[in-house]
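Small disclaimer: the values here were computed from a predicted structure and weren't measured. Keep in mind that the numbers below use all heavy atoms, side chains included, and drop hydrogens, waters and symmetry copies. Note that ligands are numbered from 1 as they come in the structure, with each ligand's atoms numbered from 1 the same way.
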Amino acid sequence: MARYLITGGCGFIGGHLAHALVREGHRVTVLDDLSSGQEDNLPPGADLERGCVTDGARLSVIARQCDGLVHLAAIASVEAAAANPDRAEAVNLGGTRNAVAAARTHGIPLVYASSAAVYGDAGSDPVAETAKCAPLSAYGEHKLKSESAVLTLGPRATIIRPFNVYGPRQHPASPYSGVIARFVSACLAGETITINGEGHQSRDFIYVGDIVRLFLAAMSRDPEAALTVNGCTGQAISILELTRAIAAACGAGLRLRHGPARPGDILHSRGDPQHALDTLGFQAEVRLGDGLTETVAWLRGEDQ
Ligand SMILES: NC(=O)c1ccc[n+]([C@@H]2O[C@H](COP(=O)([O-])OP(=O)(O)OC[C@H]3O[C@@H](n4cnc5c(N)ncnc54)[C@H](O)[C@@H]3O)[C@@H](O)[C@H]2O)c1
């Protein structure tokens, strides 16, 4: 049994990770300011320290008791980060520097949730970890600079670049939420779904249960060298096709309208999953239709 510190553990991914660790018999401490997360995302037995990752001294004191650190806390959307750039830099970059300092001080491994946003429009399909990184947003830039800070830890550093994560407990009303939560919620309410542009843009959606397995694999790996891996399925679906799959999962008709295309929207984004398979033996398993069924059930209140 080990004790892990999860920053941002009350969030969508962090809550699922905390549940998985507790199920495996580990102890979990969470540092979270509850700015977008919720305490009831935590499993019974997890310890919550309510606080901010910009407080490096506090983070370090908490990390002292722990065998590993998973750093997820962030202003977790491009739009929200752009709306408040100074705060986003302090949290998304400054918070990571504090996590790195704490991991270094206490000699513990760090798994960092970066983002596929570091690639920008990589121009390759699928995008491998070796692709040139040219972020198109402040959010992506902070993630990339954070990666550099994390890599200074050497072999104890693992960086995960999730693509689009979806699943139960992703709240549709939150500005941080992904497109699937918002579309499913709209479809269940019989509302019209608005697609930006034609809907031919495609994305690689990974189920939250799969991304949690990737984090668990990263946390238990032998630290021979620093590692950076995509968190992806290697499959992409267009937003238009996605709306049809969502309507099918909801058992509802589809009401669509097309809004203006978002400036700078990348046309295709699909990760290459090979490196995660080679290094961590990780492969996404949950098919989109099955993941959507779980998501719909949760949003209907059928499943916790
Ligand atoms: N969900 C995705 O599709 C996705 C994709 C790529 C990367 N990521 C990254 O994964 C991580 C988790 O994402 P998520 O979807 O679970 O987001 P989320 O918003 O649900 O969770 C973030 C958590 O961090 C907490 N937090 C925010 N600022 C904080 C601060 N200053 N101090 C302490 N806690 C703070 C929030 O309260 C929340 O509980 C983030 O770093 C995000 O950038 C997510």
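- Checking T228 against E129 by side-chain atom types alone, no donor-acceptor pair falls below 3.5 Å.
- By the 3.5 Å distance cut-off applied to N or O atoms, I13 is counted among the residues near ligand 1.
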### Task
Show your reasoning for whether salt bridge (Lys or Arg N to Asp or Glu O under 4.0 Å) applies to E241 and R203.
CA-CA 11 Å; E241 285 174 276; R203 296 290 180 268; over 6 Å; no
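- Of all atoms in ligand 1, numbered sequentially from 1 with element shown, those under 4.0 Å from a heavy atom of A113 are 10 (O), 11 (C), 41 (O).
- Each of the following atoms of ligand 1 lies closer than 4.0 Å to a heavy atom of V165: 1 (N), 2 (C), 3 (O).
- Residue contacts with ligand 1: P162 is placed with no nitrogen or oxygen under 3.5 Å of a nitrogen or oxygen of the ligand (distance criterion only).
- Few gaps surround CD on E24; more than 12 heavy atoms of other groups in view lie less than 6.0 Å from it.
- Proximity of R87 to ligand 1 is established by a heavy-atom distance of less than 4.0 Å.
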### Message
Test side-chain contact (heavy atoms from CB on, under 4.5 Å) on Y4 and M219; report intermediate values, then the result.
### Response
CA-CA 9 Å; Y4 292 102; M219 290 162 74; 3.4 Å; yes
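- R3 CZ: more than 12 foreign heavy atoms inside a 6.0 Å radius.
- Some N or O of K143 is nearer than 3.5 Å to an N or O of ligand 1, by distance alone.
- Between S35 and ligand 1, an N or O atom pair is found at a separation short of 3.5 Å.
- Between the side chains of S202 and H268, at least one donor N or O lies within less than 3.5 Å of an accepting N or O.
- Here E285 pairs with R213 in a salt bridge; the nearest charged N to carboxylate O distance falls below 4.0 Å.
- Remark: the backbone N or O of V165 is paired with a side-chain donor or acceptor of Q170 at under 3.5 angstrom.
- For the residues F12, F163, Y112, the heavy atom positioned nearest atom 15 (O) of ligand 1 is part of F12.
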### Message
Between D210 and R287, is the salt bridge (Lys or Arg N to Asp or Glu O under 4.0 Å) condition met? List the steps.
### Response
CA-CA 10 Å; D210 278 333; R287 287 153 41 105; over 6 Å; no
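- Every N/O-N/O distance between G14 and ligand 1 stays at or above 3.5 Å.
- Atoms of ligand 1 lying under 4.0 Å from at least one heavy atom of G37, given by number and element, are 36 (C), 37 (O), 38 (C), 39 (O).
- The atoms of ligand 1 that sit less than 4.0 Å from any heavy atom of L72 are 11 (C), 12 (C), 40 (C), 41 (O).
- For ligand 1, the atoms closer than 4.0 angstrom to any heavy atom of L34 are 37 (O).
- Under a cut-off of 6.0 angstrom, the local environment of CZ in R104 is crowded, with over 12 non-hydrogen atoms contributed by other residues, nucleotides or ligands.
- The closest approach between C52 and ligand 1 falls below 4.0 Å for a heavy atom of the residue.
- Under a 4.0 Å N-O distance rule, the pair R270/D125 qualifies as a salt bridge.
- Of the listed options A80, S114, A88, A74, S114 places a heavy atom closest to atom 9 (C) of ligand 1.
- For the pair G11 and ligand 1, the shortest N or O to N or O distance falls below 3.5 Å.
- Judged purely by distance below 3.5 Å, without hydrogens or angles, the side chains of Y119 and R161 pair a donor atom with an acceptor atom.
- For a threshold of 3.5 Å applied to N or O pairs, the pair formed by D33 and ligand 1 contains at least one separation below that value.
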### Query
Run the side-chain contact (heavy atoms from CB on, under 4.5 Å) check on C10 and L48 step by step: do they pass?
CA-CA 9 Å; C10 293; L48 173 61; 3.8 Å; yes
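- Aromatic rings from Y166 and Y207 are positioned such that their centres are separated by under 6.0 Å.
- Within the structure, ligand 1 lacks G178 among the residues with a heavy atom less than 4.0 angstrom away.
- Counting atoms of ligand 1 from 1 in the listed order, those under 4.0 Å from a heavy atom of G51 are 32 (N), 33 (C).
- Between S115 and ligand 1, a contact under 3.5 Å exists for no N or O pair.
- Here the shortest heavy-atom distance to atom 36 (C) of ligand 1, taken over G8, S146, C10, S36, belongs to S36.
- Every atom of ligand 1 is numbered from 1 in the order shown, and the set under 4.0 Å from a heavy atom of Y139 is 7 (C), 8 (N), 42 (C), 43 (O).
- Among the atoms of V91, none of the N or O lies under 3.5 angstrom from an N or O of ligand 1.
- When only interatomic distances are considered, the shortest N/O to N/O separation between V53 and ligand 1 falls below 3.5 Å.
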